[in-house]
Amino acid sequence: MEDMETTPELIEEHGITEDEYQRIVELLGREPNLVELGIFSVMWSEHCSYKSSRLHLGKFPTEGERVIQGPGENAGVVDIGDGLCVVFKIESHNHPSFIEPYQGAATGVGGILRDIFTMGARPIALLDSLRFGSPDQKKTSYLLKGVVSGIADYGNCVGIPTVGGELYFHPSYNGNCLVNVMALGIAKKESIFRALAEGVGNPVIYVGSPTGRDGIHGATMASDVFGEGGEERRPTVQVGDPFTEKLLLEACLEAFGTGCVVGVQDMGAAGLTSSSSEMAARANSGIEIDVEKVPRREEGMTPYEVMLSESQERMLFVARKGGEERLLEIFRKWDLNAAIIGRVIEEQVMRIKEGDKVVAEIPVGALTEDAPRYRRPSRRPTWQDDLNRLDTDGIPLPQDYARVLERLLSSLNIASGEWIYTQYDHMVRTNTVVLPGGDAAVLRIKGTQKAVALTVDCNPRYCYLDPYRGGLIAVFEAARNLTVSGATPIGLTDCLNFGSPEREEVMWQFEKAIEGMRDACCRLGVPVVSGNVSFYNETGGVSVYPTPVVGMVGLIEDVERCMTPWFKKDGDMVALLGWHAEEFGGSEYLSVEHGLERGMPELDVDRELRVQEACRQCIMDGIINAAHDTSEGGLAVALAEMCFGPERTFGVRIGLRKRDIRADALLFGEAQSRILVSFSPENGEKVAEVAEKRGVNLDVLGTVGGERFVVDGLMDVEVERLRSLWKGGLEGFIEGGKVKDV
Amino acid sequence: MKFGVVVFPGSNCDHDCHHVLKNVLSKDVTYIWHKTTAVDDDVDCLILPGGFSYGDYLRTGAIARFSPVMAEVEQFAKKGKYVMGICNGFQILCEAGLLPGVLMMNNSLKFICKNVHIRVENIHTPFTSKCRKGEVLKMPIAHKDGNYFVDESTLKRLEDNGQVLFRYSTPDGDVSSKANPNGSVANIAGVVNAEGNVMGMMPHPERVCEPILGGTDGLGIFTSIVEFLG
């Protein structure tokens with residue numbers, strides 16, 4: 001098979017263009033054989049090479065005082081003091097999850113966890129950011145159920161808590177769901193490991209599940225749009241084994257303690273091929289592998305299949321010469337397959353042998369830095385101007401404000417995610433201080449007084465209406481979610497989900513979103529330390545809304561000072577930090593009530609920063625009892641969510657005096673840079689002082705208490721009723737198979 | 001006094017139990033590897049922690065019960081020493097026949113992770129002596145297979161012998177079907193063997209032993225055995 005002639009059809013089947021093929025011939029100085037063609041096809045796939053995105057990703061700020069490892073490794077590493085660091089990354093598993101939701105999502109969890117423990121860190125948290133098509137599509141609830149059970153079964157079994165996430169439905173995801181998973185681990189600063197194949201003669205050790213034929217060309221599949229019948233690609237989806245993952249995790253952490261590990265990388269996309277060539281490339285070395293020595297689960301596998309398999313739960317170690325037996329002993333202790341399959345060589349090539357026979361030999365650089373990079377053409381879509389036009393005079397005022405609030409609270413993009421997170425073990429490892437349902441998850445760091453706060457955020461509608469501001473807002477909203485938890489943002493990871501980069505409009509969205517995120521990161525002083533790009537999320541020429549998901553990590557110096565969004569005491573005052581505005585653009589209200597996706601919320605960066613600083617100051621001074629970001633559904637929804645405490649519900653009564661702003665905009669508009677807080681009356685002056693000092697508007701709205709949700713003159717409704725609608729919205733849809741009409 | 005936390009491949013609450021005993025209660029505690037065929041004589045109480053031993057493939061606890069260490073656990077119990085099984089540990093003890101009953105899949109057919117309330121039914125055991133009779137404890141469950149079942153005659157025997165330690169209840173201590181999260185017979189959340197030295201429970205007391213985690217209702221169970229072993 002290796003001697004098969006490379007015909008134009010074969011080249012096309014491998015997703016390699018004519019120009020790219022010519023480049024391969026030049027780099028090799030000859031025609032590639034089939035194994036080599038296969039290797040190039042995965043390494044030069046969009047998924048592995050970032051060929052369309054790399055030039056743009058360079059715009060992100062990636063440095064900072066705390067940054068120990070920026071992008072380019074398996075995960076980013078940020079210093080949190082006390083000799084410790086956090087290791088985190090977010091990754092997509094969109095294409096496989098659409099084809100086979102359960103295994104697609106499960107293996108997404110497995111892959112991101114390996115990225116974390118590969119670095120020497122013990123994973124302590126998972127978050128998931130999920131997007132599905134319209135609720136009225138039959139497939140939507142099937143995909144949602146499959147994805148959630150896949151994440152639950154894998155994460156629960158490995159024993160890493162899934163502590164937060166987001167869920168969003170929109171017709172643009174009808175043909176492509178998005179499954180992004182973020183993981184975070186903790187490591188000692190001095191024991192971070194990197195993916196380096198250093199030291200000529202050092203042995204290369206394979207450990208984990210034996211290699212099978214599953215997932216061959218998974219990376220290539222993830223680098224293509226779906227046509228009709230994408231489900232036929234099911235064989236390219238891998239099957240996960242969380243139990244082996246757990247053994248691998250424990251074995252790796254034990255191995256790292258021996259001093260015998262030189263470098264290590266997970267075999268993710270493009271399996272053995274990418275792990276070996278990337279490790280060699282980073283160390284400016286070469287690598288030689290004998291495929292006959294690779295543990296296998298199937299007979300008769302060819303070198304092509306072994307090199308391209310994406311079987312899960314496998315790692316590649318480079319050991320210090322003489323230390324290999326010690327490592328093998330640990331792997332045996334954990335009942336894992338392990339074998340020495342090759343060695344580090346001086347010549348900078350990746351040499352694949354089958355016994356004595358060389359079946360592929362490629363310069364390492366040809367697979368990594370010499371891979372193609374494209375500056376794809378981009379163009380502002382012609383429809384963009386029209387999208388941003390919003391005639392508010394044509395929007396009628398609601399007849400019944402309470403009904404609007406009820407509909408928003410039970411709508412799937414706002415309703416409680418409880419149906420999902422109760423299926424995830426979110427408490428194992430006993431670090432979870434703020435459970436799912438708040439603005440950010442908070443995990444204490446054992447052995448210190450510190451905690452970390454984690455969030456994933458993106459409003460794809462904003463990004464569609466204006467990718468620049470959408471990207472900007474995604475970053476600031478993530479930061480706001482950390483801020484209201486009492487945390488200071490310290491690092492960011494991103495998962496950029498877009499359509500085909502070969503379409504100019506998509507490329508424009510991509511470039512603008514990155515610029516928005518970059519500007520926000522620079523103003524916040526938060527570096528991007530890791531990330532992932534997922535292109536080709538489109539089906540039949542329809543691409544998903546641009547969805548640059550932001551995963552952000554914040555540090556809380558004193559865990560006792562972390563904050564939650566729920567009211568704590570009857571009689572407390574409730575107030576807004578920030579400014580009211582007559583803003584409708586891109587809101588859930590416009591979409592749910594008026595079927596409009598138009599306009600665009602503004603964001604004033606200076607005001608945003610001041611509001612966040614004021615909120616953090618109030619938390620640090622211990623003068624507020626609750627803080628909550630206002631986002632989808634605006635002020636009314638945020639206020640209602642503050643009433644829905646996990647222990648008990650609270651009532652609230654507010655008055656809105658801003659007569660110059662339409663009441664529906666005041667209540668349901670999504671003006672940015674607004675945080676709701678509550679505090680005891682005796683702290684009122686102190687809160688006002690902090691706000692004044694930071695130049696932030698403080699509008700005292702009303703008082704916590706009673707059993708009703710009252711906005712003077714506009715609505716008066718029982719809180720329990722609101723809560724049950726909010727709580728039951730998602731479950732009603734899933735279990736009932738349809739959206740409940742209020 | 002010394003505790004041993006058994007580590008099966010796939011245990012994942014082993015660190016959590018270890019942490020409570022060592023860092024919260026300042027007790028001597030050691031990990032016991034599943035391939036061990038000799039548990040040290042100085043160990044007084046073994047804890048089989050939660051997790052997914054052997055991936056819970058086949059059936060929860062069904063493979064773990066054949067783990068080399070289980071013969072030791074059996075001997076250990078026979079000697080009258082103390083054994084606690086939490087969640088997966090409870091499932092393993094049932095599979096091994098050290099506790100009566102089986103744990104079937106939750107009646108919702110889903111994994112459930114949330115805080116529940118359990119009422120203490122018998123305080124005259126080494127595992128509950130520090131609790132008050134009828135005390136309601138708030139602690140989380142996190143399982144897919146926690147639906148406890150025994151046949152009628154066994155149930156009667158358990159009830160008569162006071163072997164039911166905990167029942168799922170409302171916060172007010174009302175044992176109703178509404179308070180039953182998984183379909184367990186008679187709302188049973190935890191039991192003890194007839195000899196009184198082996199107990200199993202589905203809820204996770206080790207997750208609520210520090211105020212920062214939202215509660216300390218799990219402490220009573222650990223301090224009971226600590227005081228008993230004195």
Side-chain angles (χ1 to χ4, degrees), chain A residues 122 124 145 148-149 151-163 240-251 333-336 418-436 442-444 446-447 449 451 558-560 562 564 646-648 734-735, chain B residues 7-20 22-24 31 33-35 49-58 60 63-64 67 87-88 106 108-116 138-144 171 181 203-215 218:
Chain A
R122 178 175 281 283
I124 61 162
K145 283 183 199 171
V148 169
S149 353
I151 293 172
D153 284 356
Y154 204 102
N156 294 348
C157 183
V158 182
I160 313 298
T162 303
V163 295
D241 173 6
F243 173 56
T244 300
E245 176 98 344
K246 167 71 175 168
L247 301 183
L248 200 55
L249 156 66
E250 297 298 337
K333 172 186 160 189
W334 287 96
D335 298 323
L336 290 163
E418 191 178 302
W419 181 86
I420 294 181
Y421 67 72
T422 50
Q423 295 184 60
Y424 301 151
D425 190 338
H426 47 264
M427 305 174 186
V428 61
R429 302 207 63 75
T430 59
N431 297 317
T432 320
V433 171
V434 178
L435 305 183
V442 176
L443 289 104
R444 61 139 172 213
K446 285 195 184 106
Q449 194 56 33
D558 179 1
V559 63
E560 305 280 347
C562 77
T564 60
E647 302 295 326
R648 59 160 281 203
I734 298 286
E735 305 295 349
Chain B
V7 182
F8 295 99
S11 291
N12 58 34
C13 302
D14 46 346
H15 291 192
D16 302 350
C17 292
H18 194 274
H19 168 75
V20 167
K22 182 162 184 256
N23 301 322
V24 180
Y31 287 115
W33 187 238
H34 65 105
K35 290 178 188 170
F52 288 73
S53 55
Y54 296 90
D56 274 349
Y57 295 148
L58 187 59
T60 55
I63 306 176
S67 210
C87 197
N88 193 225
N106 297 343
S108 67
L109 307 183
K110 283 193 195 68
F111 189 95
I112 305 169
C113 176
K114 64 173 186 188
N115 279 308
V116 299
K138 189 178 112 184
M139 61 180 69
I141 53 168
H143 60 245
K144 199 175 194 168
H204 286 272
E206 79 280 11
R207 295 186 182 187
V208 273
C209 288
E210 295 163 89
I212 192 70
L213 298 176

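First the proteins, then the strands, lettered A, B, ... as listed; each starts at 1.
Annotation for Gly159(A) and Asn12(B): closest pair CA-ND2, 3.2 Å, computed over non-hydrogen atoms. The minimum heavy-atom distance between Leu247(A) and Gly10(B), with the atom names listed, is CD2-N, 4.3 Å. Looking at every heavy atom in both residues, Asp425(A) comes nearest to Phe111(B) through N-CE2, 3.7 Å. Contact record, Cys157(A) with Phe52(B): CA-CD1, 3.4 Å, taken as the closest heavy-atom pair. The two residues Pro140(B) and Met427(A) make their nearest non-hydrogen contact at CB-SD, 3.2 Å.
Neither the backbone nor the side chain of Ser108(B) comes within contact range of chain A; no heavy atom of the residue lies under 4.5 Å from a heavy atom of that chain. Neither the backbone nor the side chain of His143(B) comes within contact range of chain A; no heavy atoms are under 4.5 Å apart. In this structure, the portions of Lys333(A) lying under 4.5 Å from any heavy atom of chain B include both its backbone and its side chain. At a 4.5 Å heavy-atom cutoff, His204(B) makes no contact with chain A through either its backbone or its side chain.
Lys110(B) contributes no side-chain N or O that, together with a main-chain N or O of Thr422(A), makes up a donor-acceptor pair within less than 3.5 Å.
Counting heavy-atom pairs under 4.5 Å between each of Val158(A), Ile160(A), Asp241(A), Val434(A) and chain B puts Asp241(A) at the top. Comparing Ser53(B), Gly51(B), Cys13(B), Gly55(B) by heavy-atom pairs within less than 4.5 Å of chain A, the highest count is held by Gly55(B).
Counting heavy atoms from C-beta outward, Thr430(A) and Val20(B) have side chains that stay 4.5 Å or more apart.
Identified by a heavy-atom distance below 4.5 Å to chain A, the contributing residues of residues 205-215 of chain B are Glu206(B), Arg207(B), Glu210(B), Ile212(B), Leu213(B), in residue-number order.
The aromatic rings of Phe243(A) and Tyr54(B) sit tilted relative to each other, their planes meeting at an angle between 30° and 60°.
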